[in-house]
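Read the structure below first, then the notes.
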Number of protein chains: 2
Amino acid sequence: MDPHLLRTYVTVARLASFSEAARELGYTQSAVSQHIAALEQDLGAALLTRRPVGPTAAGERLLEHAGPLLLRLDAARADVVRMASAPEHGLTLAVTPTALGPRTVAALPAAGVTLRALARADIPAAVATGAADLGLVDGLAAPSDPLGLPDVAPLTTCGIAEEPVCVLLPAAHPLARRPGLRLADLVDARWLDAPGAGLPLDRLHTAGGAGGVRTALRYEGTDLRTLATLAAAGHGLTVLPRSFTTDVPGAVAVPLVAPRLVHRTELIHGGALRGPAAALARELTDQHRE
Amino acid sequence: MDPHLLRTYVTVARLASFSEAARELGYTQSAVSQHIAALEQDLGAALLTRRPVGPTAAGERLLEHAGPLLLRLDAARADVVRMASAPEHGLTLAVTPTALGPRTVAALPAAGVTLRALARADIPAAVATGAADLGLVDGLAAPSDPLGLPDVAPLTTCGIAEEPVCVLLPAAHPLARRPGLRLADLVDARWLDAPGAGLPLDRLHTAGGAGGVRTALRYEGTDLRTLATLAAAGHGLTVLPRSFTTDVPGAVAVPLVAPRLVHRTELIHGGALRGPAAALARELTDQHRE
DNA sequence: CAAGCCGCATCAGCGTTGCTTATCGGGAGT
DNA sequence: ACTCCCGATAAGCAACGCTGATGCGGCTTG
């Protein structure tokens with residue numbers, strides 16, 4: 001199974017056309033046809049239906065494998081060349097929106113930094129393939145428990161910050177005066193579902209037990225300011241790390257005391273840390289250790 | 001990066017010899033030398049030191065990637081051909097020692113079953129590569145929480161059983177009369193460390209907080225009977241799923257009530273379930289649902 | 001210290017693979 | 001029914017990859 005063949009296969013499957021795939025890959029249509037034929041003969045199974053072009057059952061299966069496989073391949077290549085090439089001057093960070101706490105921002109070098117906001121699931125891939133030098137991922141976890149990240153490649157991750165999480169309530173909310181909230185107090189509440197903002201509610205689901213969390217409004221952007229404003233206006237509750245809950249007019253942040261969850265931020269990097277990336281990583285981990 | 005080249009690279013690195021690797025792979029020494037040269041040129045980095053032969057820093061890095069990569073490749077091939085080939089008559093199960101509960105044993109077909117006891121970390125790989133049709137993995141987890149398994153390939157897992165865990169104590173132990181035990185009661189106790197038996201203590205570590213679990217005796221076998229006997233003789237405590245704690249002379253099993261952990265068993269399988277494997281999987285999951 | 005040997009690199013030769021151009025066959029739209 | 005579009009197939013050619021032979025450096029041995 002040549003990765004080359006695999007790549008043309010996924011291209012054909014994506015475009016649903018041999019000729020289109022050939023154009024995109026810079027081959028002739030004949031070559032693509034031969035690639036697919038070679039793959040099918042090698043695996044002893046039909047992978048594509050022709051006319052119309054589409055994956056068979058076995059082909060669907062192969063597609064599920066192909067993505068991670070090619071990703072890992074890129075990751076391996078990137079990781080090795082990174083060790084041999086000269087340390088770069090710039091620094092690219094892949095981050096989830098809520099992973100950039102004030103302390104982290106303060107630690108950034110003054111110039112030459114590129115921030116790339118991504119969905120949390122894409123950050124390991126970005127770091128692995130070298131699209132970013134470092135990744136910052138956050139999430140809800142039990143204290144000192146690691147976040148479970150998809151292992152697309154052998155990456156190193158270490159926690160760099162943990163802080164309490166707060167529930168953001170409109171100031172007029174009956175529970176806004178409480179010193180602390182238990183999730184059980186909020187079983188009847190409506191939530192803001194904000195999958196793009198990095199704090200998925202499903203972690204609350206599983207931590208809170210069987211009761212489903214009901215969502216009032218779904219926000220697909222990544223801007224936390226908007227999210228906080230929505231919460232203040234009473235469109236639903238949301239959980240945020242404490243340092244993000246200051247200065248939200250009309251809203252009150254109440255710490256979540258049960259279940260015991262913290263907002264945890266992890267730094268993730270490949271094997272070779274060189275140049276400014278190494279300096280930043282050292283600083284962030286040292287801060288946490290202190 | 002041809003997987004072929006990768007395979008010869010890991011072989012050379014493992015045997016620390018070009019000629020030996022050539023012999024094992026059925027190539028000439030010349031071919032192996034060319035393979036390595038091609039890889040090094042492709043990646044633009046030296047991977048091996050010659051005389052003596054050993055991986056460089058970049059080579060070490062590549063080795064870490066190569067294993068999972070080749071595994072995934074095998075898994076993809078196995079998964080696809082499994083969909084196309086005729087359903088087999090036999091049935092191979094990869095299991096951890098404690099994953100085979102009495103209910104599971106009862107559900108096995110009368111003939112044609114091969115059981116393969118493996119370490120838990122190897123079971124996903126065995127299922128992915130087709131070395132086993134189904135895998136049974138157990139572990140300690142919070143109720144209805146999935147076990148975190150290494151995702152070597154797109155596999156499907158579903159829980160098939162959960163049962164309380166018990167601490168196995170010598171009958172004479174001062175705590176043996178208690179109706180239930182908290183882990184906090186046992187901070188001073190000595191434990192049996194049995195990494196091969198499938199219930200690693202480290203899960204207790206993380207669940208129980210910072211305090212280290214001190215081990216009195218390390219048992220590297222996989223036999224639970226021996227483990228139970230050791231516990232009964234006072235060589236240390238151990239945790240076992242309840243159904244494994246009956247009929248241990250001289251020992252008493254006391255349920256662990258805090259932290260709330262259950263012994264969870266999961267069934268793991270690839271994409272194509274056919275023949276007896278499908279029947280068994282259906283039965284086990286149905287039992288659990290009821 | 002010198003000779004021999006072992007092991008990796010290099011080179012020339014050759015078979016096979018893999019890509020291209022050209023052509024065929026079949027299904028859909030007009 | 002004609003035509004267009006798309007994928008399969010055939011022939012040709014270049015490049016790749018393997019083999020066998022040779023070169024060279026280091027380690028062992030007498």
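Residue A:Y27 contributes atom OH, which lies 13 Å from atom C1' of C:dT17 at whole-angstrom precision. Atom CG in A:D2 sits about 14 Å away from atom P in D:dC16, given to the nearest Å. Rounded to an integer number of Å, the gap from CG of B:L5 to C1' of D:dC18 is 13 Å. Here the C1' atom of nucleotide C:dG7 and the CD1 atom of B:I36 are 14 Å apart, to the nearest Å. Rounded to a whole Å, the CD atom of A:Q29 is 7 Å from the C1' atom of D:dC6. Going from atom CG of B:L48 over to atom P of C:dG7 covers 16 Å, rounded to whole Å. Note: CG (B:D42) to P (D:dG17) measures 11 Å, nearest angstrom. Counting to the nearest Å, the C1' atom of C:dC19 and the NE2 atom of A:H35 are 8 Å from each other.
The heavy-atom pair separating B:L6 from B:M1 by the smallest distance is CD1-SD, 4.2 Å. The minimum heavy-atom distance linking B:I123 with B:T96 is given by the pair CD1-N, 3.4 Å. The minimum heavy-atom distance between A:A78 and A:T129, with the atom names listed, is CB-O, 3.2 Å. Heavy atoms only, all atoms of each residue included: B:G270 and B:T156 are closest at O-OG1, 4.2 Å. Pairing each heavy atom of B:C158 with each of B:T285, the nearest pair is SG-CG2, 3.4 Å.
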Show me the donor-acceptor pairs within less than 3.5 Å that the side chains of residues 58-68 of chain B make with the rest of the protein, sequence neighbours left out.
from	atom 1	to	atom 2	distance (Å)
B:R61	NE	A:D79	OD1	3.4
B:R61	NE	A:D79	OD2	2.5
B:R61	NH1	B:E64	OE1	3.3
B:R61	NH2	A:D79	OD2	3.0
B:R61	NH2	A:P154	O	2.9
B:H65	NE2	A:D79	OD2	2.7

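When heavy atoms are screened at a 4.0 angstrom cut-off, A:V32 is found touching no nucleic acid atom at all. Across all strands shown, B:S33 has heavy atoms under 4.0 Å from base atoms, whether or not it also approaches the sugar-phosphate.
Under the side chain to side chain donor-acceptor pair (under 3.5 Å) criterion, B:S30 pairs with B:Q34, sequence neighbours left out. A search for side chain to side chain donor-acceptor pair (under 3.5 Å) contacts involving B:R72 returns nothing, not counting sequence neighbours. Under the rule for a side chain to side chain donor-acceptor pair (under 3.5 Å), the partners of A:D42 that lie at least two apart in sequence or sit in another chain are B:R77.
Closest to the side chain of B:V53, from the set C:dC19, D:dT19, C:dC8, is C:dC8. Closest to the side chain of B:F18, from the set C:dC8, C:dT20, D:dT19, is C:dC8.
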Would you tabulate the nitrogen or oxygen pairs shorter than 3.5 Å linking the protein to nucleotides 10-12 of chain D?
from	atom 1	to	atom 2	distance (Å)
D:dA10	N6	A:S30	OG	3.4

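Nearer the 5' end of DNA chain C, as judged by each residue's closest nucleotide, is the contact made by B:R23, out of B:A37 and B:R23.
The shortest distance between the side-chain N/O atoms of A:S19 and the OP1/OP2 oxygens of D:dG7 is below 4.0 Å. Within the 4.0 Å cut-off from OP1 or OP2 of D:dG17, not a single side-chain nitrogen or oxygen of B:H4 is found.
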Summary of protein contacts for nucleotides 24-30 of chain C, nucleotide by nucleotide, where a base hit scores B, a sugar-phosphate-only hit scores S (4.0 Å, heavy atoms): -BBS---
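A salt bridge does not link A:R14 to A:E20: none of the charged side-chain nitrogens sits closer than 4.0 Å to a carboxylate oxygen.
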